2 protein chains.
Amino acid sequence: MPPVSVESAAERGIPDAAVARLPGYLRALDTMTASGIASVSSEELAVEAGVSSAKLRKDLSHLGSYGVRGVGYDVSHLRYEISRALGLTHDWPVVIVGMGNLGRALAQYGGFEQQGFSVVALLDHDPEVVGQRVGDLVVQPMTVLPALTGSGVVIGVIAAPAQAAQDVADALVGAGIGSILNFAPSAVNVPDGVQVRRVDLASELQILAYHEQRRVESAESGAPADGTAASASARTVGVAR
Amino acid sequence: MPPVSVESAAERGIPDAAVARLPGYLRALDTMTASGIASVSSEELAVEAGVSSAKLRKDLSHLGSYGVRGVGYDVSHLRYEISRALGLTHDWPVVIVGMGNLGRALAQYGGFEQQGFSVVALLDHDPEVVGQRVGDLVVQPMTVLPALTGSGVVIGVIAAPAQAAQDVADALVGAGIGSILNFAPSAVNVPDGVQVRRVDLASELQILAYHEQRRVESAESGAPADGTAASASARTVGVAR
DNA sequence: ACGCCCTTGTGAACATTTGCACAAAGTCGC
DNA sequence: GCGACTTTGTGCAAATGTTCACAAGGGCGT
C-alpha cells in the first residue's frame with residue numbers, strides 16, 4: 001500500500017469511540033455557556049459530561065490543540081471546534097419515515113432543531129395517513145423520497161414498525177440517503193458506506209436488567225455489589241487490575 | 001491480589017460488549033420463532049441480527065455451549081438461555097419519572113411489556129400533573145418513590161427535562177433504584193454501583209452528521225467514500241498508527 | 001524578567017474487543 | 001457402523017479503546 005494522503009495533522013479520522021462522546025461534550029459546553037462560564041478545565045468539563053478527564057483530553061486531542069496549558073479551554077471556542085468536527089456548521093435536513101405514535105412524537109419533539117437538524121419531511125406508506133398534518137408539516141407518500149434526496153436530504157429516520165423497517169431502509173438507501181437512525185426494534189441490512197445507528201428502548205432496559213440480575217446474584221453469594229459502567233469497579237471485582 | 005471467586009465456568013461476567021448485543025439476538029430469535037423456524041446456524045442468526053457470525057458465536061460462548069456442531073442452535077432453547085442470562089425470566093417493574101411529551105409517549109408505548117418490563121408507576125414533580133391519568137395509570141407525586149422501591153422496583157426511567165435530570169437521578173438513587181435509563185439530554189452523576197444508560201436522539205444524529213461530513217470531504221478530495229462502521233476501511237486510510 | 005504553579009497534550013502500558021482460522025464434535029446418508 | 005460433511009467453540013493475533021503519569025508550555029505574581 002502506498003503512502004496515501006498524509007491525514008492533515010488531526011482533523012481527519014477521529015476514533016469512533018471519541019466521536020460518540022463529542023455530542024456529550026457539546027451539550028456540557030452549552031450548559032456552561034448558559035451559566036455564563038467562559039473557561040473550563042478538562043476536569044470540570046469531564047465531570048459535567050460524565051467521563052474521566054484523561055479520556056476527555058485524549059478525545060479533544062484528536063480535533064487539534066485548542067486548550068491553553070495551565071488555564072483550560074475557552075468555552076465558546078471549544079464549542080465551535082467540536083461543532084465543526086462533527087459537521088454541525090450548517091443544519092442538516094432530515095426526513096422521518098413512519099407516522100405512527102413514535103413518528104408523530106419525534107416529528108413534534110423539537111429537540112432536533114436546537115441541535116443542528118431540521119425535519120423537512122414526514123413520510124408514510126399508508127394512503128390514509130398521507131395528507132394528514134403533523135406539527136407544521138403534511139405527511140407525504142414514499143414516492144417523494146428521490147425528490148428529497150435530490151434536494152440534499154441525506155439523513156433518514158426510521159420510525160416504522162419492525163416488519164417494515166427493512167423495506168423502509170431499502171427505500172431510503174435506494175433514494176440515496178447515506179445515514180439512517182433506526183428506531184424500529186430490528187436490525188436493518190444496508191450496503192457498505194451507509195451508516196446506521198439504532199435506538200431501542202427495550203434493548204437498553206434489557207441491558208440494565210442484566211446488571212440488576214448480577215447485583216441480585218452477587219448479594220446472594222455475599223460478594224460486593226456490581227459497579228457503575230463508568231467506574232472501573234464492576235466486572236473487575238476483586239481483580240488486581 | 002488473591003485468586004478470588006473463580007467465576008463459575010461461564011454464566012458470570014459476560015463482557016459488556018457482548019451483553020449489549022444479546023437483546024438483538026433475542027429479537028432476531030423472536031422473529032424466527034414467528035416465522036416457524038426451529039433451528040438456526042450462527043451464520044443465519046448473525047445476518048438477522050446484523051453482526052458477523054464469528055462475533056455471534058463468541059458472544060454466545062460466554063453463556064455456555066448451547067449449539068450443536070454441524071447443525072446449529074435450537075431457536076427456542078437459545079432464546080431461553082439468552083433470556084436467562086439477561087435476567088428476563090421474570091418481569092421487571094419500572095417507574096417512569098417526568099410526564100411531559102416524552103414521558104407520556106413512553107408510558108403509552110407498550111413496547112416494554114412485550115419485552116419483560118412493566119411500567120408500574122408514573123411520577124411527576126408538578127402538582128398540576130399529579131392525578132392526571134396517562135394510559136392505565138394515574139400520575140403520582142415524587143414522594144411515593146420510597147414505597148415503590150420498597151415493593152421491588154429497581155429500574156427507573158428519567159423522562160424529565162435536562163435541568164431536572166440530576167435532581168430526579170438523586171431522588172431515584174436515594175430511594176434505592178439501582179438502574180437508570182436516562183432520556184434527558186444531559187449526563188447524570190450517580191454513586192458507584194448504580195447503572196446508567198443514556199438514550200439521546202440529538203447525539204445519535206450528530207454522530208451521523210460526522211460521518212456524512214466525512215463523506216462530503218472525501219468526495220471533495222477525490223478519495224473513496226467512507227466505509228460502514230462495521231467495515232474496517234475508513235479511518236485507517238494512510239495512517240501509520 | 002523570572003520562576004512558580006497549574007493544566008494540557010501525549011507516549012507508553014494496559015485492557016477490551018474484534019476477526020481469523022481451524023480442531024473438535026456432531027449429523028446424515030449409505 | 002463408518003466416512004463425508006457441516007457448523008460450533010476457541011486459541012491466537014490484530015485492532016481499538018482506556019488509563020496512567022509526566023514532560024512541555026503558558027500564565028501570573030512579584
Side-chain angles (χ1 to χ4, degrees), chain A residues 1 9-11 13-22 24-25 38-47 49-75 77-78 81 227-237 239-241, chain B residues 1 9-11 13-22 24-25 38-47 49-75 77-78 81 227-237 239-241:
Chain A
M1 262 275 157
E11 183 68 32
I14 303 170
D16 284 349
V19 171
R21 283 185 293 266
L22 293 182
Y25 304 154
S39 174
V40 276
S41 67
S42 62
E43 182 58 34
E44 293 165 327
L45 186 55
V47 169
V51 301
S52 73
S53 63
K55 202 187 276 185
L56 172 68
R57 288 201 301 278
K58 181 80 85 178
D59 286 349
L60 295 184
S61 75
H62 292 114
L63 338 178
S65 196
Y66 301 119
V68 179
R69 293 172 191 230
V71 177
Y73 301 87
D74 178 80
V75 171
H77 183 229
L78 184 58
E81 292 296 346
T228 302
S231 93
S233 61
R235 224 179 45 265
T236 43
V237 177
V239 182
R241 287 232 106 215
Chain B
M1 262 271 155
E11 182 69 34
I14 303 171
D16 283 350
V19 171
R21 284 185 294 265
L22 293 181
Y25 303 155
S39 175
V40 275
S41 67
S42 61
E43 182 57 35
E44 294 164 328
L45 187 55
V47 169
V51 301
S52 72
S53 63
K55 202 186 279 185
L56 172 69
R57 287 201 301 279
K58 180 86 78 178
D59 287 348
L60 295 184
S61 75
H62 292 114
L63 343 174
S65 195
Y66 301 119
V68 178
R69 292 171 191 232
V71 177
Y73 302 86
D74 179 81
V75 172
H77 183 229
L78 184 58
E81 292 296 346
T228 301
S231 98
S233 62
R235 222 182 45 268
T236 44
V237 178
V239 186
R241 280 255 102 212

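Every chain is numbered from 1 and lettered A, B, ... according to where its sequence line falls, protein lines coming before strand lines. Everything numeric here is computed off the predicted structure, so don't read it as measured data.
For B/Val68, the side chain to side chain contact (heavy atoms under 4.5 Å, CB included) partners are B/Val71, not counting sequence neighbours. Among residues two or more places apart in sequence or in another chain, the side chain to side chain donor-acceptor pair (under 3.5 Å) test is passed with B/Ser53 by B/Glu43. Qualifying salt bridge (Lys or Arg N to Asp or Glu O under 4.0 Å) partners for B/Arg21, counting only residues two or more places apart in sequence or in other chains: B/Asp59.
The shortest non-hydrogen separation linking A/Ser41 to A/Tyr73 is C-CD1, 4.5 Å. In terms of heavy atoms, B/Val75 sits closest to B/Val40 at CG2-CG2, 4.0 Å. Closest of all the heavy-atom pairs between B/Glu44 and B/Ser39 is OE1-O, 4.2 Å. The nearest pair of heavy atoms linking A/Lys58 to A/His62 is O-ND1, 3.0 Å.
Across the protein-nucleic acid pair, A/Leu56 atom CG and C/dT8 atom P stand 8 Å apart, rounded to whole Å. Regarding A/Glu44, its CD atom lies at a distance of 14 Å from the P atom of C/dC6, rounded to whole Å. Protein atom CZ of B/Arg57 is 16 Å distant from nucleotide atom P of C/dA24, rounded to whole Å. One atom, CG of B/Asp59, and another, P of C/dT17, lie 10 Å apart when rounded to the nearest Å. Atom NZ in B/Lys55 sits about 11 Å away from atom P in C/dT17, given to the nearest Å. Protein atom CD of A/Glu81 is 16 Å distant from nucleotide atom P of C/dT8, rounded to whole Å. Whole-Å rounding puts the B/Leu60 CG to D/dT8 P distance at 9 Å. When the C1' atom of D/dG17 is taken as reference, atom CG of A/Asp16 falls 11 Å away, rounded to whole Å.
With a 4.5 Å cut-off on side-chain heavy atoms, B/Tyr25 and B/Leu78 do not count as touching.
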Base-contact (B) and sugar-phosphate-only (S) positions in nucleotides 25-30 of chain C, heavy-atom cut-off under 4.0 Å, - elsewhere: BBS---

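At the heavy-atom level, A/Ser52 lies under 4.0 Å from the strands shown only through sugar-phosphate atoms.
An OP1 or OP2 oxygen of C/dT7 is reached within less than 4.0 angstrom by no side-chain nitrogen or oxygen of A/Tyr66. Taking side-chain N and O atoms only, A/Ser65 has a distance below 4.0 Å to OP1 or OP2 of C/dG9. Listed pair A/Ser42 / C/dT8 meets the phosphate criterion, a side-chain N or O lying under 4.0 Å from OP1 or OP2.
The bend of the helix from C/dA1-D/dT30 to C/dC30-D/dG1, defined by the angle between the axes of its first five and last five pairs, stands at 20° to the nearest 10°.
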Dump the pairs, protein N or O against N or O of nucleotides 11-13 of chain C, anything under 3.5 Å, distances to one decimal.
| unit_1 | atom_1 | unit_2 | atom_2 | d |
| --- | --- | --- | --- | --- |
| C/dG11 | O6 | A/Lys58 | NZ | 3.3 |
| C/dA12 | N6 | A/Lys58 | NZ | 3.3 |

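The OG atom of A/Ser52 sits 8.5 Å away from atom CZ of A/Arg57, with the distance rounded to the nearest 0.5 Å.
Side-chain proximity of B/Pro15 to the nucleotides C/dT8, C/dT17, D/dG9 is greatest for C/dT17. Ranking D/dT7, C/dG9, C/dT18 by closeness to the B/Arg21 side chain, first place goes to C/dT18.
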